[in-house]
Chemist: 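Take this structure first; my questions come after.
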Amino acid sequence: MVVLGIETSCDDTAASVLARRADGTLEVLSSVVSSQIDLHARYGGVVPEVASRAHIDRIIPVLAEAMREAHVQRGDLDAIAATIGPGLVGSLLVGVSAAKALSLVWGVPFVGVNHLEGHLFAPLLEEQDVAFPLLVLLVSGGHTMLLGMFGPGDYRLMGRTLDDAAGEAFDKVARYLGLGYPGGPVIDRLATEGDLSAIAFPRSMLHDGLDFSFSGLKTSVVNYVRRHPEVAATDVAASFQEAAVDVLVHKARLAASQIGAVGMSLAGGVAANTRLRARWAAAAKADGRRAHLPSLAYCTDNAAMVAAAGLWRLAELGPTPLDCGVDPNLSLAALL
Ligand code: KG4
Ligand code: ZN
């Protein structure tokens, strides 16, 4: 089976060709991502209209490159999978329209994929022997969730943020400190030179179930910097990051023990965070669980994860009808 995946839910135009061998192993033949960060950075965040127009310019070259790199022709494809939500409506429409058009013209089945389910497939792209149940922490710019994954398609939502997503907190703190967009990578870098115990930022809801809250942490960083304008940005970055990572890791361990998880996996853009990855590996080791840390390229938005989720959906549920629309608010609940 060879699947072409397409991902355009936010500000990355991505296409990938993924193969499933006869023995069930997955092989990413190509994964092309054209980032629009340069276009949005000056606005301090993603501008939806700018994003949709950039997707239109880039989708065909990105698709062509993914096919070329994978050395496949249209006749080699068994399916075309595209993210149908959640995301920005204009952005989603570009990828889904391209996928449907190719599906019709090439006579290949179309599969609509939930972007969040795509992120859950990231650990399966590189490791062939993932055992379940798996505890997955999905942390991105739009989502922060703890999920029990009992197998592909079999999920239990265990906790989620009640306000800001973790990545949103990184982005907002960075914006307040004048560090640019996206904030996560900059804070990650600065934090390596700072003292993580310099400032005692709050660990919101630490002993309060499996849900998260990050808006109080963000406000306390802003208030602290206002009162101490001379503070080193490196110390603020390291202390803020530690407070966020503390809560994420603490609750993930709790959730993992509740489901008797064999392994713990990170997914989503914030999973690229160096400190979170180090603490995650240490926590898993201490608890006798296997740590799954997908490569950075499969943590942030990419189309290989969409192709993998699409492949599985196609096998279980068959193709998606071509009159299916996009859903900017598609939730994971649709899959539970
Ligand atoms: O999954 P993703 O690429 O897009 C969404 O679906 O949201 O995640 C983007 C988010 C942004 O908030 C970005 O600041 C954050 O992931 N991020 C990071 C790091 N790299 C990206 N956050 C913390 N540390 C990083 N190294
Ligand atoms: Zn994402």
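Worth knowing before you read on, the calculation uses all heavy atoms, side chains too, and leaves out hydrogens, waters and symmetry mates. One-based numbering along the sequence shown. Order of listing sets the numbers, starting from 1, for every ligand and every atom in it.
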Chemist: Once the angle between the rings of W312 and F121 is folded into 0 to 90°, is it parallel (under 30°), tilted (30 to 60°) or perpendicular (over 60°)?
Modeler: tilted
Chemist: Just jot down the ligand 1 atoms closer than 4.0 angstrom to any heavy atom of G167, in number order.
Modeler: 12 (O)
Chemist: Looking at every non-hydrogen atom in both residues, tell me the closest pair between V94 and I56 and how far apart they are.
Modeler: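 Closest heavy-atom pair between V94 and I56: CG2-CG1, 3.7 Å.
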Chemist: With only distance considered, is D12 within less than 3.5 Å of ligand 1 through an N or O on each side?
Modeler: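 Among all N and O atoms of D12, none is under 3.5 Å from an N or O of ligand 1.
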Chemist: Need the ligand 1 atom indices (1-based, order shown) with element for anything under 4.0 Å from a heavy-atom of H115.
Modeler: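 Taking each heavy atom of H115 in turn, ligand 1 has 6 (O) under 4.0 Å.
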Chemist: Below the 3.5 angstrom mark, is there an N/O of G268, backbone or side chain, next to an N/O of ligand 1?
Modeler: no
Chemist: Is it true that a side-chain atom of N114 and a backbone atom of S331 form a donor plus acceptor pair closer than 3.5 Å?
Modeler: yes
Chemist: Closer than 4.0 angstrom: is that true for some heavy atom of H119 and an atom of ligand 1?
Modeler: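 Under 4.0 Å: yes for H119.
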Chemist: Among all the protein's non-hydrogen atoms, which is closest to atom 22 (N) of ligand 1, and how far away is it?
Modeler: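 For atom 22 (N) of ligand 1, the nearest protein heavy atom is G184 CA, 3.3 Å.
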Chemist: Does D188, backbone or side chain, put an N or O under 3.5 Å from an N or O of ligand 1?
Modeler: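 Checking ligand 1 against D188, an N or O pair does fall under 3.5 Å apart.
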Chemist: Between G5 and A303, which heavy-atom pair has the shortest distance, and what is it?
Modeler: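 Closest approach of G5 to A303, heavy atoms only: O-CB, 3.5 Å.
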Chemist: Answer yes or no: does an N/O atom from N273 fall short of 3.5 Å to an N/O atom of ligand 1?
Modeler: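 N273 vs ligand 1: N/O contact under 3.5 Å present.
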Chemist: Show me which atoms of ligand 1 lie under 4.0 Å from any heavy atom of G141.
Modeler: 5 (C), 7 (O), 8 (O), 9 (C), 10 (C), 12 (O)
Chemist: Do you know which two heavy atoms are closest between L206 and K251, and how far apart they sit?
Modeler: O-CE, 3.8 Å
Chemist: Below 3.5 angstrom, do we get any N/O pair linking G269 and ligand 1?
Modeler: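 For ligand 1, there is an N or O atom that lies under 3.5 Å from one belonging to G269.
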Chemist: Give yes if a backbone or side-chain nitrogen or oxygen of D171 is under 3.5 Å from a nitrogen or oxygen of ligand 1, and no if not.
Modeler: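 N/O-N/O distance under 3.5 Å: yes.
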Chemist: What's the shortest distance from atom 3 (O) of ligand 1 to any protein heavy atom, and which residue and atom give it?
Modeler: D301 N, 3.2 Å
Chemist: According to the interplanar angle, ranging from 0 to 90°, do the rings of F212 and F214 count as parallel (below 30°), tilted (30 to 60°) or perpendicular (above 60°)?
Modeler: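 Parallel: the ring planes of F212 and F214 meet at under 30°.
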Chemist: Can you tell me which residue among I80, L322, D323 is in a side chain to side chain contact (heavy atoms under 4.5 Å, CB included) with K100?
Modeler: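 Of the listed options, the one satisfying the test is L322.
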Chemist: Quick one: report the N, O or S atom of D301 that is nearest to the Zn ion (ligand 2).
Modeler: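 The Zn ion (ligand 2) is closest to the D301 atom OD1, counting only N, O or S.
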Chemist: Say whether C10 and ligand 1 are in contact under the criterion: heavy-atom distance to a ligand atom below 4.0 Å.
Modeler: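 Under 4.0 Å: no for C10.
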Chemist: What is the minimum heavy-atom distance between S91 and A51, and which atoms define it?
Modeler: OG-CB, 3.7 Å
Chemist: Of the backbone and side-chain N, O or S atoms of H115, does one lie nearer to the Zn ion (ligand 2) than 2.8 Å?
Modeler: yes
Chemist: Is there at least one pair of N or O atoms, one from C299 and one from ligand 1, spaced under 3.5 Å apart?
Modeler: no
Chemist: Does the separation of the ring centres of F240 and F170 fall below 6.0 angstrom?
Modeler: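 Here the rings of F170 and F240 have centres that are less than 6.0 Å from each other.
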Chemist: Could you check whether any side-chain heavy atom of R275 comes within less than 4.5 Å of a side-chain heavy atom of L196, counting everything from C-beta outward?
Modeler: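 A side-chain contact under 4.5 Å exists here.
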Chemist: Does H143 bring an N, O or S atom to under 2.8 Å of the Zn ion (ligand 2)?
Modeler: no
Chemist: Whether K218 and E168 form a salt bridge (side-chain N of Lys/Arg under 4.0 Å from carboxylate O of Asp/Glu) is what I want to check.
Modeler: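 No, E168 and K218 are not salt-bridged.
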Chemist: Under the criterion salt bridge (charged side-chain N to carboxylate O under 4.0 Å, His left out), I'd like the reasoning laid out for R290 against D129: C-alpha separation, chi angles, the key distance, then a yes or no.
Modeler: CA-CA 11 Å; R290 197 166 143 195; D129 55 346; 3.1 Å; yes
Chemist: Using a plain distance cutoff, I'd like to know if F170 has any nitrogen or oxygen under 3.5 Å from a nitrogen or oxygen of ligand 1.
Modeler: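 Such a contact does not occur with ligand 1.
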Chemist: Which atoms of ligand 1 have any heavy atom of G142 under 4.0 Å away?
Modeler: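 Those of ligand 1 that fall under 4.0 Å from G142 are 7 (O).
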